[in-house]
Amino acid sequence: PHFYLNFLYALYRMLEIKSTIISKMEKMQPRCRLTISEMSIYLNIQKLIRHHVEGNSWEVKSLSERVILHSDMNCFYASVEMLHHPEFTGMPLAVGGDPEARHGIVLTANYIAKQKGVKTGMALWQAKQVCPGIIFVPPRMDLYLRFSQMAREIYSEYTDKIEPYGIDEAWLDVSDSRNLKGSGMTIAREISHRIKYELGVTVSIGISWNKIYAKLGSDYKKPDAITEFNRENYKDRIWQLPASDLLYVGRQTNKKLQKLGIRTIGQLAESDEKLLESHFGKIGNVLWAFANGWDEDPVCKEGYEAPVKSIGNSTTTPRDLENDLDVWIIQIALAESVAARLRKHGFKCKTVEITVRDNGLYSFSRQIHLRQPTNITNEIVTAAFRLFKDNYKWEHSIRSLGIRAADLVLDDIPVQLDLFGNQEKKEKLEKLDRTVDEIRRRFGYFSIQRAAMYQDKVLSHLDAGTHTIHPHSYFHG
């Protein structure tokens with residue numbers, strides 16, 4: 001009797017811990033994701049509960065089983081550009097870099113270019129070698145974000161549980177929509193049809209009872225396809241795939257798995273979990289669970305999270321920077337461009353990060369967390385300059401600077417007023433920034449500039465207009 005009482009108490013505690021972790025996943029803002037450690041603990045609790053309560057059986061069919069979709073817009077940047085360049089129909093096209101200067105890398109390519117050997121991450125000159133007739137166009141992140149938002153508006157008509165994974169992918173939990181909208185396959189077909197005819201691009205959609213298998217489904221067949229992995233077919237279809245297809249099995253992890261004789265997802269699922277843990281640590285437990293489809297991570301409800309986690313800008317300066325004033329001028333230009341992009345797309349940042357590289361090729365990055373989310377240029381550049389002053393000693397001249405706005409939230413997120421701040425001044429700065437945005441939109445970037453920019457004609461001529469967009473990670477942190 002004492003054994004069973006102890007077991008029941010332990011079971012109660014495990015269920016309580018599980019409930020706490022699930023509550024965190026559902027309520028966490030701005031991103032409801034677990035850390036790898038939390039995911040490992042959660043999976044172990046699940047395993048213990050099922051082992052003792054369900055007779056060592058993991059094959060549990062729930063009457064309220066989830067239906068998760070993963071929607072991935074095909075060759076997204078290139079597809080959007082093809083819409084705006086009908087003259088390139090039937091031609092190989094890639095987005096990325098500076099086509100005039102002929103440097104940079106391929107961000108994405110259309111299927112015609114991919115069939116000729118062009119790959120994401122390839123240098124432009126390499127892409128030109130494998131596909132001599134390829135057309136390069138520069139990226140336009142503002143355009144892609146607008147299409148991403150339009151796709152999300154379509155998703156929101158089927159569920160409020162929408163979790164972006166970058167600007168071209170998203171998970172949707174449509175479990176509660178089935179009585180009204182039909183089965184997961186019916187909803188997927190309707191979304192696919194609407195995006196094709198309302199936006200002019202195609203999507204591949206995966207359907208499953210968990211997020212990991214749903215993403216595998218969207219990758220399984222492209223373009224313009226729908227794939228469903230259910231409990232009846234996943235072993236025959238998913239377990240035959242290479243282990244490298246699984247989320248978070250990168251190149252180095254895959255090499256280690258191959259040394260262990262693990263080449264397919266099925267072999268990973270049937271391998272010894274303790275062996276994986278001994279070679280990979282906690283992520284080994286997570287990958288083993290992912291391979292088996294034991295992922296109950298919830299899809300975040302639509303809320304204040306941004307579809308990307310950061311927006312950044314960096315530049316190699318027109319000349320080497322010799323003093324604090326030079327750095328201040330360049331950081332103003334970078335902060336203006338990043339802040340303007342934040343405002344344009346309705347984001348604020350909670351973290352500011354700088355990168356510095358000197359002419360001795362020494363480089364570093366530092367970040368600071370802000371007291372309140374902001375998209376005000378003055379607040380971003382002030383934080384960036386303070387980071388620079390605290391961390392650089394001027395042993396060499398500086399060749400490159402960067403500013404990144406991270407931990408993004410939507411700009412209408414409720415915030416607690418700062419009792420020690422000047423709210424009236426903050427509102428004036430917001431109004432000033434938006435006025436400057438409008439003037440530059442109508443008359444060009446150099447139609448209005450800050451006084452500090454006139455102290456150096458060479459440096460102030462920089463038009464910092466290229467931005468780097470960073471997508472979300474599956475795990476938090």
Side-chain angles (χ1 to χ4, degrees), residues 29-31 33 73 76-77 80 95-98 104-105 107-108 138-152 163-170 303-316 330-356 365-370 372-385 387-388 400-413 415 429-430 433-434 436-437 440-441 445 462-473 476-477:
Q29 293 293 348
R31 289 181 290 158
R33 296 177 176 85
M73 289 186 272
F76 181 49
Y77 298 173
V80 174
V95 178
D98 184 345
I105 63 170
L107 297 178
T108 189
R140 294 187 284 177
M141 288 299 175
D142 54 342
L143 181 62
Y144 311 146
L145 281 169
R146 190 161 75 246
F147 269 75
S148 176
Q149 182 60 37
M150 289 190 290
R152 191 168 178 177
E163 183 177 336
Y165 189 63
I167 66 175
D168 57 342
E169 302 180 39
Y304 296 111
E305 72 278 0
V308 293
K309 68 178 181 181
S310 66
I311 293 177
N313 199 350
S314 62
T315 185
T316 298
I330 294 298
Q331 284 193 331
I332 286 176
L334 294 173
E336 281 190 328
S337 67
V338 171
R341 188 59 59 93
L342 290 173
R343 292 188 295 271
K344 182 173 183 178
H345 296 293
F347 301 152
K348 287 184 177 180
C349 68
K350 297 194 292 184
T351 299
V352 172
E353 179 183 283
I354 66 166
T355 56
V356 179
S365 62
R366 299 288 187 273
Q367 62 177 219
I368 185 172
H369 296 285
L370 307 177
Q372 287 187 332
T374 188
N375 55 19
I376 297 174
T377 300
N378 191 61
E379 293 183 352
I380 292 174
V381 72
T382 299
F385 191 65
L387 278 172
F388 174 80
S400 174
L401 286 175
I403 291 180
R404 186 167 72 98
D407 294 336
L408 304 190
V409 295
L410 300 185
D411 61 5
D412 58 355
I413 182 173
V415 295
L429 288 173
E430 289 178 344
D433 276 342
R434 295 194 181 279
V436 170
D437 292 343
R440 285 178 170 168
R441 185 188 68 80
Y445 177 80
L462 175 70
D463 180 358
T466 302
H467 297 75
T468 304
I469 306 290
H470 301 269
H472 281 308
S473 166
H476 178 74

Minimum-distance pair of heavy atoms, taken over all atoms of Gly312 and Val338
C-CG2, 4.2 Å

Evaluation steps, side-chain contact (heavy atoms from CB on, under 4.5 Å), between Met73 and Val80:
CA-CA 10 Å; Met73 289 186 272; Val80 174; over 6 Å; no

Measuring from Thr355:OG1 to Asn313:CG, what's the distance to the nearest 0.5 Å?
9.5 Å

Backbone N or O of Glu379 within a donor-acceptor pair of the Thr382 side chain at under 3.5 Å?
no

Spacing of CZ belonging to Arg140 relative to CZ belonging to Arg146, to within rounding of 0.5 Å:
8.5 Å

Applying salt bridge (Lys or Arg N to Asp or Glu O under 4.0 Å), can you list everything that pairs with Arg434, at least two apart in sequence or on another chain?
none

Calculate, to the nearest 0.5 Å, the distance between atoms OG1 and CG belonging to Thr351 and Leu370 respectively.
6.5 Å

Note: Ile380 and Ala339 closest approach over all heavy atoms is CD1-CB, 3.9 Å

Taking it one step at a time, do Phe76 and Thr108 satisfy side-chain contact (heavy atoms from CB on, under 4.5 Å)?
CA-CA 8 Å; Phe76 181 49; Thr108 189; over 6 Å; no

Spatial distance of atom OG (Ser365) from atom CZ (Arg404) [nearest 0.5 Å]:
8.0 Å

Test side-chain contact (heavy atoms from CB on, under 4.5 Å) on Gln331 and Ile354 and set out the steps.
CA-CA 9 Å; Gln331 284 193 331; Ile354 66 166; 4.1 Å; yes

Under 3.5 Å, is there a donor-acceptor pair between the side chain of Ser314 and the main chain of Gly402?
no

Specify whether Phe347 and His345 have parallel, tilted or perpendicular ring planes, treating 30° as the upper limit for parallel and 60° as the lower limit for perpendicular.
tilted

Dump the intermediate steps for side-chain contact (heavy atoms from CB on, under 4.5 Å) on Thr377 and Val436, then the final yes or no.
CA-CA 11 Å; Thr377 300; Val436 170; over 6 Å; no

Spacing of CG belonging to Leu145 relative to NZ belonging to Lys344, to within rounding of 0.5 Å
9.0 Å

Could you check whether the rings of Tyr77 and Tyr144 sit parallel, tilted or perpendicular, using 30° and 60° as the cut-offs?
parallel

For Arg366, give me all partners under salt bridge (Lys or Arg N to Asp or Glu O under 4.0 Å), at least two apart in sequence or on another chain.
none

Partner residues of Asp433 under the salt bridge (Lys or Arg N to Asp or Glu O under 4.0 Å) criterion, sequence neighbours left out
Arg343, Arg450

Does this structure show an ion pair linking Glu336 with Arg440, if we count only N-O contacts that are shorter than 4.0 Å?
yes

Scanning both residues in full, the closest heavy-atom pair of Ala406 with Ser310 reads CA-CB, 3.7 Å

Euclidean distance, Ser337 OG relative to Leu342 CG, rounded to 0.5 Å
9.5 Å

With Lys350, which of Thr374, Leu408, Val409 fulfils side-chain contact (heavy atoms from CB on, under 4.5 Å)?
Val409

